[in-house]
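Could you have a look at this structure, given as structure tokens, before my questions?
Convention: sequence-line order gives letters A, B, ...; per-chain numbering from 1.
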2 protein chains.
Amino acid sequence: MENRVERIKKQLHSASYKLTPQREATVRVLLENEEDHLSAEDVYLLVKEKSPEIGLATVYRTLELLTELKIVDKINFGDGVSRYDLRKEGAAHFHHHLVCIECGAVSEILEDLLKDVEQKVEQDWNFEIKYHRLIFHGICENCKENEKIIDEE
Amino acid sequence: MENRVERIKKQLHSASYKLTPQREATVRVLLENEEDHLSAEDVYLLVKEKSPEIGLATVYRTLELLTELKIVDKINFGDGVSRYDLRKEGAAHFHHHLVCIECGAVSEILEDLLKDVEQKVEQDWNFEIKYHRLIFHGICENCKENEKIIDEE
DNA sequence: CTGAGTGCAAAAGGTTTGCAAAACT
DNA sequence: AGTTTTGCAAACCTTTTGCACTCAG
């Protein structure tokens, strides 16, 4: 945890930005809720619990900055809000997501499933891929279970 | 063209909606600009050329309706606007997109590249996939050409 | 002192909604 | 008549921006 904050601090410094208290609070919220795909508002509310004087605009500015430095990825699941996702250490490729259309749960696939597909696209379409977004929408394990139970009643 | 309008008319009717003149004008714009990934505003302006009395809200409502009926897909390339894409006839799976980060051009991959990947995800994560979104961001053929020319100067 | 960073409030931009009028059945 | 659809304007929500203030070097 601490060393991840340290690492981000260095990343900011090497781009001549400072890790201000507000930025640090924001980063910590992201680290503490790594699994949660928080929206800017979510982050704001969480940061506010510990640093009530922070402003929403600052959170937005920090998230934008972190996105620029590729410390977080800005994602969109189609619900009209941007969400922010910490990059895994040293991950060359953005991970994939499974979004449950029943309960809204989001889980992650860290494994890169697209090696072969990317190679094909680069060749066949003569397109140089920089990054990709892959989101599966469907029904998660839990909701499948629940449906079974309902059916049996 | 005409038969595609007819088909959509039937789809609406079977869900007890009417193909009003405004809806038809909207559908025609989508058909005429099938390659273009239009935003609601884009559609509105194009519809307005032929039916100046139409309102923006009607276009939004029509696009929402068409999305519900799965006649179009609502997509988001991360530029803060929703775009609408006619489904290909009988396409079981939503097609993939290549978005150029230089010039913004969007092209489509109709071929389904994810058969194997989906099978793996369904098995390994016990997740029932309903649909997916796959977007590659990178540099398109043209922009790669242009870069070469610039380098050579 | 100077520039970077902040908080607040206002503005912006895309989308949705309330409502009365219009269209259709 | 009754239901659906429409156009307009207002409301809404997320995100961005302007500006004066603060803080660190």
Side-chain angles (χ1 to χ4, degrees), chain A residues 8-9 11-30 37-69 71-85, chain B residues 8-9 11-30 37-69 71-85:
Chain A
I8 289 170
K9 186 172 181 176
Q11 287 178 270
L12 284 173
H13 283 167
S14 67
S16 32
Y17 293 108
K18 298 165 204 162
L19 186 64
T20 62
Q22 291 90 336
R23 287 179 183 163
E24 182 170 341
T26 305
V27 164
R28 283 184 188 278
V29 162
L30 291 173
H37 307 92
L38 303 173
S39 69
E41 183 91 31
D42 295 337
V43 174
Y44 173 62
L45 292 174
L46 288 167
V47 174
K48 236 181 171 202
E49 287 176 12
K50 296 196 177 162
S51 315
E53 71 295 346
I54 202 170
L56 178 56
T58 301
V59 172
Y60 270 103
R61 284 186 281 234
T62 302
L63 290 171
E64 192 195 351
L65 179 59
L66 295 173
T67 305
E68 245 167 51
L69 298 182
I71 295 166
V72 305
D73 286 299
K74 187 174 178 178
I75 42 179
N76 197 303
F77 293 135
D79 58 352
V81 209
S82 292
R83 298 178 179 279
Y84 299 85
D85 216 3
Chain B
I8 289 169
K9 185 172 182 176
Q11 287 178 270
L12 285 173
H13 283 166
S14 68
S16 32
Y17 294 108
K18 298 164 205 163
L19 186 64
T20 62
Q22 291 90 336
R23 287 179 183 162
E24 182 170 340
T26 305
V27 164
R28 284 185 187 277
V29 163
L30 291 174
H37 307 91
L38 303 173
S39 68
E41 183 91 30
D42 295 338
V43 174
Y44 172 61
L45 293 174
L46 287 167
V47 174
K48 234 177 175 212
E49 286 177 12
K50 296 196 176 164
S51 315
E53 71 294 349
I54 202 170
L56 178 57
T58 302
V59 171
Y60 270 103
R61 284 186 282 234
T62 302
L63 291 171
E64 192 194 352
L65 179 59
L66 295 173
T67 305
E68 246 166 52
L69 299 181
I71 294 167
V72 305
D73 286 299
K74 188 173 178 178
I75 42 179
N76 197 305
F77 292 135
D79 59 351
V81 208
S82 292
R83 299 179 177 279
Y84 298 84
D85 215 4

For A:Glu24, the side chain to side chain donor-acceptor pair (under 3.5 Å) test, sequence neighbours excluded, returns A:Arg28

Rounded to the nearest angstrom, tell me the gap between atom CG in B:Leu19 and atom P in C:dT25. 12 Å

Value in whole Å for how far the P atom of C:dC24 lies from NZ of B:Lys9: 12 Å

Grab the NZ-P distance between A:Lys18 and D:dG25 for me, whole Å please. 7 Å

What residues in residues 43-55 of chain A put a non-hydrogen atom under 4.0 Å from any atom of DNA chain C? A:Glu53, A:Ile54, A:Gly55

Atom-pair distance (OH on A:Tyr17; P on C:dG3), nearest Å: 16 Å

Going by the salt bridge (Lys or Arg N to Asp or Glu O under 4.0 Å) test, which pairs reach into residues 55-68 of chain B, not counting sequence neighbours? none

Mind jotting down which residue pairs meet the side-chain hydrogen bond (donor to acceptor under 3.5 Å, both in side chains) criterion with at least one end in residues 41-57 of chain B? Sequence neighbours excluded, please. B:Ser39-B:Asp42, B:Tyr44-B:Lys48

All ring pair (Phe, Tyr, Trp, His ring centres under 6.0 Å) counterparts of A:Phe77, not counting sequence neighbours: A:His37, A:His97

Residues which pass side chain to side chain donor-acceptor pair (under 3.5 Å) with B:Thr58, listed by chain and number, not counting sequence neighbours: none

Considering only heavy atoms, which members of residues 20-30 of chain B lie under 4.0 Å from some atom of DNA chain D? B:Thr20, B:Gln22, B:Arg23

Sequence neighbours excluded, the answer for salt bridge (Lys or Arg N to Asp or Glu O under 4.0 Å) partners of B:Asp73 is B:Arg87, B:Arg133

I need a per-nucleotide contact map over nucleotides 14-20 of chain C, read 5' to 3'. Cutoff is protein heavy atoms under 4.0 Å; write B for the base, S for backbone only, - otherwise. SBBBB--

Taken to the nearest 0.5 Å, the spacing of B:Leu30 CG from B:Ile71 CD1 works out to 10.0 Å

